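Residues take their numbers from the sequence shown, with the count starting at 1. Since the model is a prediction, treat every value here as computed from it, not as a measurement.
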Amino acid sequence: MSELTLMLIKILFLGVLWLFVIMAVGVIRTDLFGPSKSKEKRPKKSPQRKPSLPRGRRNEPRALVVTKGPLTGTTLNLTSQPITIGRAGDSTLVINDDYTSGRHARIFTENGRWFVEDLNSTNGTFVGQERLTRPQPITVGQPIRIGKTVLELRK
């Protein structure tokens with residue numbers, strides 16, 4: 001191999017090594033400080049009225065409440081639309097947690113009953129102490145754990 005070829009291979013290797021280091025630093029910075037401000041700013045959508053559930057039985061849950069975790073006290077009104085939970089910005093409930101996947105779980109209603117479904121997340125979704133493997137019905141007050149966050153349906 002000629003010296004020129006060997007020198008070009010060394011320079012290419014050094015460039016790839018620096019690229020890797022820069023990318024690793026960027027990932028670590030994002031994990032420590034969160035996404036940069038320019039990525040978080042998105043044009044605001046015009047408020048849309050979501051269809052509400054028909055008024056029915058008194059025992060039906062009306063809200064999803066965060067009881068533990070960084071978003072403690074957050075309340076989402078329940079409608080007929082599914083609630084998506086995850087790190088992705090387009091989720092209904094965005095949880096910035098190392099143990100939460102981009103599209104982690106979904107809470108939806110079917111035939112008057114509420115269900116929670118794990119969306120093939122890495123760390124799983126738990127109802128009580130049981131890890132979900134399929135959509136499972138949930139009731140008022142039953143704890144749903146996603147990462148460090150615990151949610152409950154409330155009246």
Original post:
Do Leu78 and Arg62 come close enough that some side-chain heavy atom pair is under 4.5 Å?
Top reply: no
Subject >> Note, Val127 side chain near Leu132 side chain (heavy atom, < 4.5 Å) >> reply: yes
Subject >> Minimum-distance pair of heavy atoms, taken over all atoms of Pro61 and Val140 >> reply: CB-CG2, 3.9 Å
Subject >> Atom of Thr125, atom of Ala105 and distance for their closest heavy-atom approach >> reply: OG1-CB, 3.7 Å
Subject >> Side-chain (Asp97) to main-chain (Lys148) donor-acceptor, under 3.5 angstrom >> reply: yes
Original post:
Side-chain contact, heavy-atom cut-off 4.5 Å: Pro135 with Val116?
Top reply: no
Subject >> Single-linkage hydrophobic cluster, 4.5 Å side-chain cutoff, Leu93 and Phe126 together >> reply: no
Original post:
Less than 4.5 Å apart, any side-chain heavy atom of Pro137 and any of Trp114?
Top reply: no
Original post:
Which is it for Ile107 and Ile85 under the side-chain contact (heavy atoms from CB on, under 4.5 Å) test, yes or no, and what are the steps along the way?
Top reply: CA-CA 8 Å; Ile107 296 176; Ile85 303 167; 3.8 Å; yes
Original post:
Distance from Gln142 atom CD to Ile144 atom CD1, nearest 0.5 Å?
Top reply: 7.0 Å
Subject >> Approximate separation, where rounding is to 0.5 Å, of Ile146 CD1 and Leu151 CG >> reply: 5.0 Å
**OP:** Keeping to residues at least two apart or across chains, list the ring pair (Phe, Tyr, Trp, His ring centres under 6.0 Å) pairs with something in residues 89-108.
**Re:** Phe108-Phe115
**OP:** Could you grab the distance from atom CG of Leu19 to atom CG of Leu17, nearest 0.5 Å is fine?
**Re:** 9.5 Å
Subject >> Between OG1 on residue Thr84 and CG on residue Asp90, distance to nearest 0.5 Å >> reply: 6.5 Å
**OP:** Working to the nearest 0.5 Å, report the span between CD1 of Ile83 and OG1 of Thr92.
**Re:** 6.5 Å
**OP:** For Val150, enumerate each residue passing the side chain to side chain contact (heavy atoms under 4.5 Å, CB included) test, keeping only those at least two apart in sequence or located in another chain.
**Re:** Thr67, Lys68, Pro143, Arg145
Subject >> Thr149/Leu71 under side-chain contact (heavy atoms from CB on, under 4.5 Å): CA gap, chis, key distance, verdict >> reply: CA-CA 8 Å; Thr149 303; Leu71 299 174; 5.5 Å; no
Original post:
Looking only at heavy atoms, what is the nearest atom pair of Ala88 and Val94, with distance?
Top reply: O-CG2, 3.4 Å
Original post:
Between CD of Gln81 and OG1 of Thr79, what distance do you get to the nearest 0.5 Å?
Top reply: 5.5 Å
Subject >> Side-chain donor/acceptor of Ser101 to backbone N/O of Thr122, under 3.5 Å >> reply: yes
Original post:
What heavy-atom pair brings Ser91 and Gly102 nearest, and what distance separates the two atoms?
Top reply: OG-O, 3.8 Å
**OP:** Kindly indicate whether the side chain of Thr139, heavy atoms from C-beta on, has any atom under 4.5 Å from the side chain of Leu153.
**Re:** no
Original post:
Which residue pairs satisfy the salt bridge (charged side-chain N to carboxylate O under 4.0 Å, His left out) criterion with at least one member in residues 116-125, sequence neighbours excluded?
Top reply: Arg106-Glu117
